[in-house]
Amino acid sequence: MGKNLVIVESPAKARTINKYLGKDFEVLASYGHVRDLIPKDGAVDLDSFAMNYTLIEKNKKYVSEIVKAFKKADALYLATDPDREGEAISWHLTEILAEKKLLKDKPVKRVAFNEITQSAINEAISNPRDVSMDLVNAQQARRALDYLVGFNLSPLLWKKIKYGLSAGRVQSPALRMIVERELEIEAFKEEEYWTIEADCEKSKQKFVGKLTQFSGKKIQQFSITDDKHATDVRTELLQAANGQLKVVKVEKKQRKRRPAAPFITSTLQQEASRKLGFSASRTMRIAQQLYEGVDVGGGAVGLITYMRTDSVHLAKEAIGEIRDFIQNRFGKDQIPGQPNVYKTKQKNAQEAHEAVRPTSVNRVPDEIRKSLTDDQYKLYNIIWKRTVASQMVDALIDTVAVDMSCGTGNVFRANGSAIRKPGFMAVYLEGTDDSNNGGDEKMLPQLKEGDEIQLNGIRNEQHFTKPPARFTEASLIKTLEEFGIGRPSTYAQIISTLVSREYVILESKRFSPTDIGRVVHRFLKDHFEKYVDYDFTAELEDELDAVSRGEDDWVRLMRSFWTPFSTQVNEKAQMAKDELIENRVLGTDPKSGRPVSVRMARYGAVVQIGTKDDEEKPLFAGLKPNQSMETISLEEALILFQLPRELGETAEGEPVSANIGRFGPYVRYGSKFASIKEDDPYSITLERALEIIDEKRKEDANKIIQQFDGSTVQVLNGRYGPYITDGSKNARIPKSMAPESLRLEECLEMLEKAPTKKGRGRGRKPTKK
DNA sequence: CAGTGAGCGAGCTTCCGCTTGACTT
């Protein structure tokens with residue numbers, strides 16, 4: 001008898017489910033999507049929106065395993081994730097099997113479970129359904145739209161701005177956030193304000209009160225805005241106080257604090273960034289290790305549930321185990337009467353999985369620490385603690401606000417707080433971004449109305465309002481998620497796209513836009529605002545939902561998007577560059593009287609003297625790496641036209657000059673070049689240039705291990721060790737061979753066998769891993 | 001690998017969202 005074949009997306013999940021299902025079932029993984037649009041023009045028909053799919057190259061081997069197993073199986077259970085993308089994977093698999101004429105009358109069933117527990121899986125297997133074409137069509141619409149946006153906007157950027165750029169439904173709003181934040185910071189005008197604080201003492205305990213009322217008027221942030229006013233107020237207060245304040249009001253309150261929801265991908269990335277300093281991609285890499293399994297004694301076991309999720313839901317079984325654990329470890333009074341329930345906040349959440357939680361809360365971080373790497377321990381620790389805390393009782397906090405009079409009409413206020421019952425706070429406290437709440441509230445002494453307080457002094461402090469903070473990885477992901485832009489599996493990727501396109505740079509863990517990032521954003525905002533709007537994705541999601549519920553037709557949806565979009569693309573494509581992008585004019589060149597402007601050209605930002613319409617051709621010069629289009633001044637721009645500088649000659653009589661080329665600054669000697677790293681081509685001396693040339697000559701001599709007479713074949717020392725080249729093709733040398741004693745025949749043979757060079761993009765860094 | 005920048009046309013890239021391993025000059 002054949003078996004029942006079950007398909008899931010992840011191989012780790014396949015292993016787990018295999019255990020639950022027993023010997024009548026064989027579980028295989030699809031490794032994610034199995035087919036995708038052909039990655040070039042023509043993947044989507046612009047009239048019918050018919051889609052041209054092809055197998056994903058690196059998943060072909062898994063697909064053939066599935067096909068092979070299906071031939072022997074009695075029935076197929078499609079258990080891909082219960083969301084739009086998962087439904088599409090199931091559909092693509094049945095399409096592949098149908099094309100091979102394998103389906104015949106074998107039953108194909110779609111099953112779905114949101115948690116990997118014995119009961120959930122049994123339940124799912126016994127309640128199969130058909131693949132939902134409505135859901136599949138919603139996915140196809142999503143896929144086609146993303147393709148059309150990306151593959152129409154990007155080429156427009158190549159033509160109008162610079163080769164190799166990109167735009168998309170997700171990356172472009174993300175870029176916009178970073179650029180607009182920078183513009184806010186640049187437009188920010190700091191404002192001065194003063195605070196006045198009293199240093200108080202009672203029963204030998206010191207505390208601080210803030211001035212909240214002066215001469216009968218409430219004191220607000222900008223009530224006092226200069227030194228003189230502050231000094232006058234202070235002098236008056238000191239006189240009125242005469243060394244003492246008097247308690248006029250004591251207000252006590254109790255505040256509850258709820259634990260944070262269990263982790264989902266975005267909150268995990270944020271907390272790992274805030275608390276552990278991990279980048280989003282590092283967090284995901286480590287989480288993957290924890291998910292796939294670690295040997296903590298008795299074989300490898302998955303320590304956490306799936307890490308790419310947008311659901312805060314916990315399996316019933318898990319909640320039971322966590323509540324037992326809390327009761328045993330912290331006492332019965334630490335669990336709430338009913339389990340804490342959390343609701344997913346995002347609108348476009350698909351909730352295909354559980355929250356990220358330990359697979360068993362009984363694997364306490366400190367008890368398995370020796371089996372984990374440092375990074376694994378740290379990440380597991382916060383996941384474990386956050387999960388446990390999420391099912392504990394609220395914390396209870398006492399707060400007290402004390403008003404103290406200082407003469408008549410003047411009031412200082414002291415705030416204090418104390419934790420009465422820590423509850424969940426004993427285990428885990430969520431971190432905060434850019435906390436400006438300097439209110440590190442402390443305990444106050446016992447105070448009651450009428451008490452006299454010793455006044456030790458009054459302090460004036462000058463402050464300035466601060467501009468909004470630049471985005472961190474954590475705050476960017478948080479913001480993207482709030483707008484429903486991007487998915488758990490792509491947050492880390494969005495960041496690396498922006499960085500590898502050189503739209504933004506990450507410095508001291510903060511994002512700022514580059515010149516090219518600003519130019520691209522400006523172009524998209526001016527000409528395609530609707531499609532880079534923060535709400536574009538959210539509105540699309542609503543329409544996709546309608547398709548998935550069968551209330552709308554996906555082709556109609558596509559047409560309503562494509563008709564206006566394609567018109568707009570065509571219109572803009574016909575406009576000239578300078579109509580689409582405004583150049584920044586710096587002033588007039590004193591020598592020629594021609595205008596000096598700065599703009600983004602094919603190979604980067606350039607300063608230009610004159611315009612293209614002038615009779616005389618304009619002059620060009622590239623910006624230095626640390627200069628920016630936004631800030632460069634006329635004076636700085638004119639200096640750039642000093643290159644190339646003739647420095648003199650080498651001992652052999654070759655002319656030596658300094659300049660900046662495509663690959664950075666260099667000195668030229670005769671027809672050869674040497675890169676310069678620390679020196680500045682505008683100020684480098686002949687003496688220094690000759691030193692660099694000398695070093696370069698030595699380096700060239702060292703590079704060659706062997707060369708052969710009458711052949712172009714050379715054995716060279718490269719970045720990754722010795723290798724053989726014939727000028728166009730390279731071959732690596734196995735460790736067992738000595739590069740200096742290879743014979744020509746051996747080299748030719750190895751070159752023959754070496755894989756042919758793949759067509760690498762010209763000088764571009766690959767975006768894909 | 002080293003002097004471009006306009007515009008022409010060759011040949012090149014480019015999207016988002018599912019999943020894990022793979023290999024350079």
Side-chain angles (χ1 to χ4, degrees), chain A residues 8-13 29-34 36-37 39-41 43 56 58-59 62 80-81 83-86 88-89 92 139 142-159 162-172 288 292 308 352 486-490 493-494 497 501 537 576-578 599-608 611-613 617-622 643-644 657 659-668 671-675 716-725 730-732 755 757-764 766-767 769:
Chain A
V8 295
E9 293 181 35
S10 145
K13 197 167 168 180
S30 74
Y31 288 75
H33 277 295
V34 289
D36 194 13
L37 292 176
K40 50 187 171 195
D41 283 345
I56 294 170
K58 61 185 190 359
N59 283 359
Y62 307 119
T80 50
D81 293 350
D83 57 17
R84 205 158 64 203
E85 301 295 327
I89 293 172
H92 279 295
Q139 194 275 345
R142 196 280 304 157
R143 182 69 192 87
L145 186 141
D146 281 338
Y147 165 85
L148 290 173
V149 170
F151 275 58
N152 281 285
L153 289 184
S154 301
L156 201 55
L157 297 178
W158 307 340
K159 254 178 87 184
K162 197 176 173 218
Y163 174 78
L165 301 176
S166 66
R169 173 179 59 85
V170 168
Q171 61 171 276
S172 297
Q288 179 88 30
E292 283 182 359
R308 290 186 272 267
R487 301 279 311 135
S489 62
T490 60
Q493 186 64 46
I494 296 165
T497 299
R501 290 275 170 277
T537 291
K577 278 188 184 185
D578 49 2
R599 67 187 176 86
M600 189 55 66
R602 202 165 173 74
Y603 303 107
V606 294
V607 185
Q608 178 179 333
T611 69
K612 70 177 161 72
D613 303 320
K617 272 194 161 186
L619 299 169
F620 296 101
L643 291 182
S657 60
N659 200 0
I660 298 175
R662 170 131 160 58
F663 305 100
Y666 63 92
V667 289
R668 178 173 181 161
S671 59
K672 289 186 152 180
F673 301 84
S675 290
L716 300 179
N717 229 335
R719 242 193 331 151
Y720 305 98
Y723 68 103
I724 305 167
T725 183
N730 299 330
R732 38 188 341 183
K757 238 204 272 191
K758 275 180 274 175
R760 292 177 299 113
R762 285 179 61 76
R764 275 203 63 81
T767 344
K769 296 167 283 175

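Values below: all heavy atoms of this structure, side chains included; hydrogens, waters and symmetry mates excluded. In what follows, every chain begins at residue 1, and chains take the letters A, B, ... in the order their sequences are listed.
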Side-chain heavy-atom pair T537(A), R169(A) within 4.5 angstrom cut-off: yes
K13(A) and D81(A), any side-chain heavy atoms less than 4.5 Å apart: yes
Sugar-phosphate only, base, or nothing, as touched by D81(A) at under 4.0 Å among non-hydrogen atoms: sugar-phosphate
Distance test, side-chain N/O of Q288(A) to OP1/OP2 of dT20(B), below 4.0 Å: yes
d(NE2, H92(A); C1', dG17(B)) in whole Å: 12 Å
Nearest-angstrom distance from the residue atom CD1 of I89(A) to P of dC18(B): 8 Å
Side-chain-base donor-acceptor pair under 3.5 Å for R143(A) and dC15(B): yes
Check: R668(A) and N659(A) side chains under 4.5 Å, non-hydrogen atoms: no
Atom-pair distance (CG on L165(A); P on dC12(B)), nearest Å: 19 Å
Phosphate OP1/OP2 of dC16(B): any Q171(A) side-chain N/O under 4.0 Å: yes
Touch class at under 4.0 angstrom, heavy-atom based, for V170(A) against every strand present: sugar-phosphate
Touch class at under 4.0 angstrom, heavy-atom based, for G486(A) against every strand present: sugar-phosphate
Distance-only donor-acceptor test, R487(A) side-chain atoms vs dC16(B) base atoms, 3.5 Å: no
Backbone N/O of G486(A) and side chain of T490(A): donor-acceptor pair under 3.5 Å: no
Along DNA chain B (nearest heavy atom to each residue), the more 5'-positioned of D83(A) and P155(A): P155(A)
Whole-Å gap separating P (dC16(B)) and CD1 (I56(A)): 16 Å
Sugar-phosphate only, base, or nothing, as touched by P618(A) at under 4.0 Å among non-hydrogen atoms: nothing
N or O in side chain of R599(A) less than 4.0 angstrom from dA6(B) OP1/OP2: yes
Sugar-phosphate, base or nothing in reach of S10(A), heavy atoms under 4.0 Å: sugar-phosphate
Candidate nucleotides dC15(B), dG7(B), dT19(B), ranked by approach to the side chain of T497(A) - the nearest: dC15(B)
Phosphate-side-chain proximity, R501(A) and dT14(B), N/O vs OP1/OP2 below 4.0 Å: yes
Contact under 4.0 Å: R308(A) side-chain N or O vs dT20(B) OP1/OP2: yes
Geometric class of the Y62(A)/Y31(A) ring pair [parallel <30°, tilted 30-60°, perpendicular >60°]: parallel
Sugar-phosphate, base or nothing in reach of A167(A), heavy atoms under 4.0 Å: sugar-phosphate
N or O in side chain of T490(A) less than 4.0 angstrom from dG17(B) OP1/OP2: yes
Separation of dT19(B) C1' from N59(A) CG (nearest whole Å): 7 Å
Side-chain heavy atoms of R143(A) within contact of R84(A), under 4.5 Å: no
d(NZ, K159(A); P, dT14(B)) in whole Å: 18 Å
Intermediate values then yes/no, side-chain hydrogen bond (donor to acceptor under 3.5 Å, both in side chains), S489(A) and R308(A): CA-CA 6 Å; S489(A) 62; R308(A) 290 186 272 267; 5.7 Å; no
Minimum-distance nucleotide (side-chain atoms of S489(A) versus dA6(B), dG17(B), dC15(B)): dG17(B)
Interatomic distance where OH belongs to Y666(A) and C1' belongs to dA2(B) [whole Å]: 5 Å
side-chain N/O K58(A) vs dT20(B) OP1/OP2, d < 4.0 Å: no
Sugar-phosphate, base or nothing in reach of S166(A), heavy atoms under 4.0 Å: sugar-phosphate
Atom-pair distance (CG on D36(A); C1' on dC18(B)), nearest Å: 9 Å
R142(A) side-chain proximity, nearest of dG17(B), dG21(B), dG5(B): dG17(B)
Sugar-phosphate only, base, or nothing, as touched by G32(A) at under 4.0 Å among non-hydrogen atoms: base
Selection from dC18(B), dG5(B), dT14(B) that lies nearest to any side-chain heavy atom of E85(A): dC18(B)
No-H, no-angle donor-acceptor pair, Y163(A) side chain to dC12(B) base, under 3.5 Å: yes
